Amino acid sequence: MLNALKLTFGSLAVLFLLAPLLAIMPLAFTSSVFLTYPLPGASWRWFDELLTADAWRRSIGNTLLISVGTALLSTGLGTLAALGLRGKLPLAGVFRTLFLLPMVVPAVVLGVGMQLLFARLGISNTYVGVIVAHTVVAVPFVLVSVSGALAGIDPRVERAALSLGAPPVTVFWRVTLPLAAPGVVSGAVLAFATSLDEVVLTLFVAGPNQRTLARQMFSTIRENISPAIAAAAFLFILGTLLLAALVLLLRRRTAARMKAAAPV
């Protein structure tokens with residue numbers, strides 16, 4: 001009886017979380033110019049608009065450029081921070097709190113501060129400025145993900161490699177980093193998704209030439225609700241599912257590798 005209640009509650013919770021996605025996805029294939037049910041017919045016209053309309057096509061290109069740049073930069077910085085905080089660093093708790101502050105500080109406050117700072121540095125309304133702004137809010141997610149992966153590594157594996165004569169650099173590249181790869185990849189995916197979805201900071205630090213897909217969707221909602229928004233959301237969801245599948249596959253392979261490498 002208890003297991004049945006748990007299963008029912010879990011199913012309802014999952015349905016509650018997925019209901020908005022299930023509601024919006026079919027609208028991406030509507031032949032109507034309005035977001036209404038029932039669908040009058042099926043059509044690919046809104047996906048064609050994403051690829052042919054200059055505003056949508058430019059925003060997709062900007063999004064890929066900015067999101068990839070953010071993922072690379074934040075993954076590198078977040079991984080280095082996690083490695084540094086892994087040891088017995090003085091005031092490690094203080095530094096960790098500072099790294100996590102962008103997760104709790106309101107985006108409007110960050111946006112105003114970045115707008116003033118970037119204007120002085122000369123990177124306002126540039127791709128570099130947008131990537132840096134997105135990186136600030138993405139690094140905490142990478143730090144948390146990589147720190148969790150590092151905490152799950154058996155120290156005996158690294159000590160065994162050191163005892164066999166491997167220098168620390170070799171141990172890092174051949175043992176620590178491969179075992180922490182799922183956390184690193186998960187952090188990169190979270191950073192990519194954070195940049196993909198960021199609107200507030202983009203409104204403050206980006207210019208007309210750096211309009212992202214999320215900002216384009218936000219502007220379209222304000223001006224005219226079009227099913228092209230549903231098509232863009234469908235691409236968001238599909239991309240997220242593919243990235244999640246990649247992370248899951250990598251985690252399984254790494255778990256098998258750790259099990260095989262663990263000393264008896």
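All values derive from a computational prediction rather than experimental measurement.
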Using a 3.5 Å distance criterion without hydrogens, assess whether the side chain of [X] forms a donor-acceptor pair with backbone atoms of [Y].
X: E198; Y: V200; value: yes
X: T63; Y: S59; value: yes
X: S145; Y: G183; value: yes

**OP:** Would you please name every residue forming a salt bridge (charged side-chain N to carboxylate O under 4.0 Å, His left out) with R174, sequence neighbours left out?
**Re:**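 Here no residue qualifies.
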Original post:
Between H134 and S67, is any side-chain donor less than 3.5 angstrom from a side-chain acceptor?
Top reply: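 Their side chains do not contain a donor-acceptor pair, so the 3.5 Å distance test is not met.
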Original post:
Can you find a side-chain donor-acceptor pair between Y127 and N62 that sits under 3.5 Å?
Top reply: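 Looking only at side-chain atoms, N62 and Y127 do form a donor-acceptor pair, the distance falling under 3.5 Å.
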**OP:** Run the numbers on T70 and F192 for side-chain contact (heavy atoms from CB on, under 4.5 Å), then give the verdict.
**Re:** CA-CA 7 Å; T70 299; F192 185 88; over 6 Å; no
Beyond-backbone contact of [X] with [Y], side-chain heavy atoms, under 4.5 angstrom:
X: T79; Y: V142; result: yes
X: T176; Y: L179; result: no
X: L110; Y: L201; result: yes
X: Q210; Y: T202; result: no
X: V205; Y: V132; result: no

Original post:
What pairs with F204 under ring-ring contact (aromatic ring centres under 6.0 Å, His included), at least two apart in sequence or on another chain?
Top reply: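 Result, ring-ring contact (aromatic ring centres under 6.0 Å, His included) vs F204: none returned.
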Original post:
Do L83 and V169 share a hydrophobic cluster, counting only Ile, Leu, Val, Met, Phe, Trp and Tyr and linking them when any side-chain heavy atoms are less than 4.5 Å apart?
Top reply: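 Linked within one cluster.
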Original post:
Are M103 and L143 connected in the hydrophobic side-chain network, where two residues link if heavy atoms are under 4.5 Å apart?
Top reply: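 Same hydrophobic cluster.
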**OP:** Quick one: do I229 and W46 satisfy side-chain contact (heavy atoms from CB on, under 4.5 Å)? Show the steps, please.
**Re:** CA-CA 8 Å; I229 299 174; W46 303 113; over 6 Å; no
**OP:** Specify whether F29 and F234 have parallel, tilted or perpendicular ring planes, treating 30° as the upper limit for parallel and 60° as the lower limit for perpendicular.
**Re:**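 Ring orientation, 0 to 90° scale: perpendicular.
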Original post:
What are the two closest non-hydrogen atoms of A188 and A71, and how far apart are they?
Top reply: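 Here A188 and A71 meet closest at O-CB, 3.8 Å.
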Subject >> L65 side, atom CG; I60 side, atom CD1 - distance, nearest 0.5 Å >> reply: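 One finds 14.0 Å between CG of L65 and CD1 of I60.
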